[in-house]
There are 2 protein chains.
Amino acid sequence: MIGRLNHIAIVVPDLGKATKQYEDLFGAVVSLPQNLDDHGVTVVFIELPNTKIELLTPLGINSPIEKFLERNPSGGIHHICYEVADISKAKSVLIEKGARIIGDGEVKIGAHGKPVIFLHPKEFNGTLIELEEL
Amino acid sequence: MIGRLNHIAIVVPDLGKATKQYEDLFGAVVSLPQNLDDHGVTVVFIELPNTKIELLTPLGINSPIEKFLERNPSGGIHHICYEVADISKAKSVLIEKGARIIGDGEVKIGAHGKPVIFLHPKEFNGTLIELEEL
């Protein structure tokens with residue numbers, strides 16, 4: 001079912017500083033920041049040869065990553081995203097096998113405009129997993 | 001400096017259960033477990049089309065991931081690994097720019113038999129980063 005690793009999402013307390021670090025220390029190419037108002041985050045993308053890293057920081061009030069940053073003031077890896085060919089089919093298989101989908105269990109449109117679901121980290125080795133249809 | 005994402009390392013409390021989960025729920029191909037006695041871990045590899053996931057669990061006494069598991073009983077993402085072409089050069093650049101190398105600052109031979117260094121998570125957005133020469 002799972003295909004490529006689409007991205008690793010890392011929450012950072014200071015997006016400017018983190019961008020500069022990836023550029024200056026690691027020699028990586030980092031995109032310009034994008035405000036995703038509907039998702040309450042500002043994001044930059046680091047394109048690696050085989051996948052991408054997303055650096056996220058809270059945007060506006062009630063950002064969904066605000067609490068994560070309170071618990072992890074230095075930042076931290078928030079989730080990893082695997083690609084699937086058919087999100088509805090993936091969801092059915094997972095529910096049938098007893099996995100918990102986060103939220104109301106419905107497929108949502110994620111930050112990249114693609115259909116996504118998130119799986120509960122308690123059941124997946126403390127790892128928040130996003131599945132994204134591509 | 002950084003190239004491909006080599007792997008994501010996830011510490012798991014029960015390697016058999018985690019293996020079964022990736023196989024049965026995600027349809028992934030998981031390698032047989034390998035005991036890395038010198039590193040105090042048992043590991044399986046999940047080959048994705050573009051990178052790999054390593055599931056680690058403690059092996060023997062004084063495993064370096066024992067404390068991580070105490071703090072994170074469900075498991076969690078332990079580190080991510082970026083490839084570099086020249087680890088000594090990478091190390092020099094990083095030290096020159098003020099980054100902290102974990103341990104005595106020397107290049108070590110990592111779990112894959114390649115030269116590696118680890119960077120301090122406090123300075124890198126709460127993310128433990130391994131650089132591996134390939």
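The sequence lines fix the lettering, A, B, ..., with proteins before strands; numbering per chain opens at 1. No experiment lies behind these values; they were computed from the predicted model shown.
Summarising the geometry of A:Gly3 relative to B:Leu48, their closest heavy-atom pair is O-CD2, 3.6 Å, with the distance given to 0.1 Å. Considering every non-hydrogen atom in both B:Lys97 and A:Asp24, the closest pair reads NZ-O, 2.7 Å. Considering every non-hydrogen atom in both A:Glu123 and B:Gln21, the closest pair reads O-NE2, 2.5 Å.
Contact of A:Ile53 with chain B is made through the side chain alone, with heavy-atom distances under 4.5 Å. With a threshold of 4.5 angstrom between heavy atoms, B:Asn50 approaches chain A through its backbone and through its side chain. Looking at B:Leu119, only its side chain comes within 4.5 Å of chain A, counting heavy atoms on both sides. A:Leu128 does not touch chain B: none of its heavy atoms, backbone or side chain, sits under 4.5 Å away. For a residue to count as touching a neighbouring chain, one of its non-hydrogen atoms must lie under 4.5 Å from one of that chain's; by this rule A:Leu69 does not touch chain B. With a 4.5 Å cut-off on non-hydrogen atoms, A:Phe124 touches chain B through its backbone and its side chain both. Heavy-atom distances place no part of A:Leu55 under 4.5 Å from chain B, backbone and side chain included.
Remark: A:Lys108 NZ is packed, more than 12 non-hydrogen atoms of other residues, nucleotides or ligands lying under 6.0 Å away.
Among B:Val93, B:Thr51, B:Val84, the residue making the largest number of heavy-atom pairs under 4.5 Å with chain A is B:Thr51. Heavy-atom pairs under 4.5 Å with chain A peak, among B:Arg4, B:Met1, B:Lys122, at B:Arg4. Among B:Ala28, B:Gly27, B:Pro73, B:Pro49, the residue making the largest number of heavy-atom pairs under 4.5 Å with chain A is B:Pro49. Chain B forms the most heavy-atom pairs under 4.5 Å with one residue out of A:Thr127, A:Val11, A:Ile129, and that residue is A:Thr127.
Both A:Tyr82 and B:Val44 belong to a common hydrophobic cluster when Ile, Leu, Val, Met, Phe, Trp and Tyr are linked at side-chain heavy-atom distances under 4.5 angstrom. Under a hydrophobic-cluster definition in which Ile, Leu, Val, Met, Phe, Trp and Tyr are linked whenever side-chain heavy atoms come within less than 4.5 Å, directly or via other members, B:Ile65 and B:Phe45 are assigned to the same cluster. There is a path of hydrophobic side-chain contacts, each under 4.5 Å, that joins A:Val107 to A:Ile101. Note on A:Leu131 and A:Ile95: same hydrophobic cluster, where clusters join Ile, Leu, Val, Met, Phe, Trp and Tyr whose side-chain heavy atoms are under 4.5 Å apart, directly or indirectly. No continuous path of ILVMFWY side-chain contacts below 4.5 Å connects B:Phe118 to A:Leu25, so the two sit in separate hydrophobic clusters.
Residues B:Ile10 and A:Ile80 form a side-chain contact, since some pair of their non-hydrogen atoms from C-beta on lies under 4.5 Å apart. Contact check for B:Ile2 versus A:Tyr22: side-chain heavy atoms found under the 4.5 Å cut-off.
Remark: A:Ile77 CD1 to B:His78 NE2 distance equals 10.5 Å, nearest 0.5 Å. Considering OG1 of B:Thr57 and CG of A:Asn125, their distance stands at 9.0 Å, rounded to 0.5 Å. Atoms CD1 and CG, from B:Ile46 and A:Leu5 in turn, are 11.5 Å apart once rounded to the nearest 0.5 Å.
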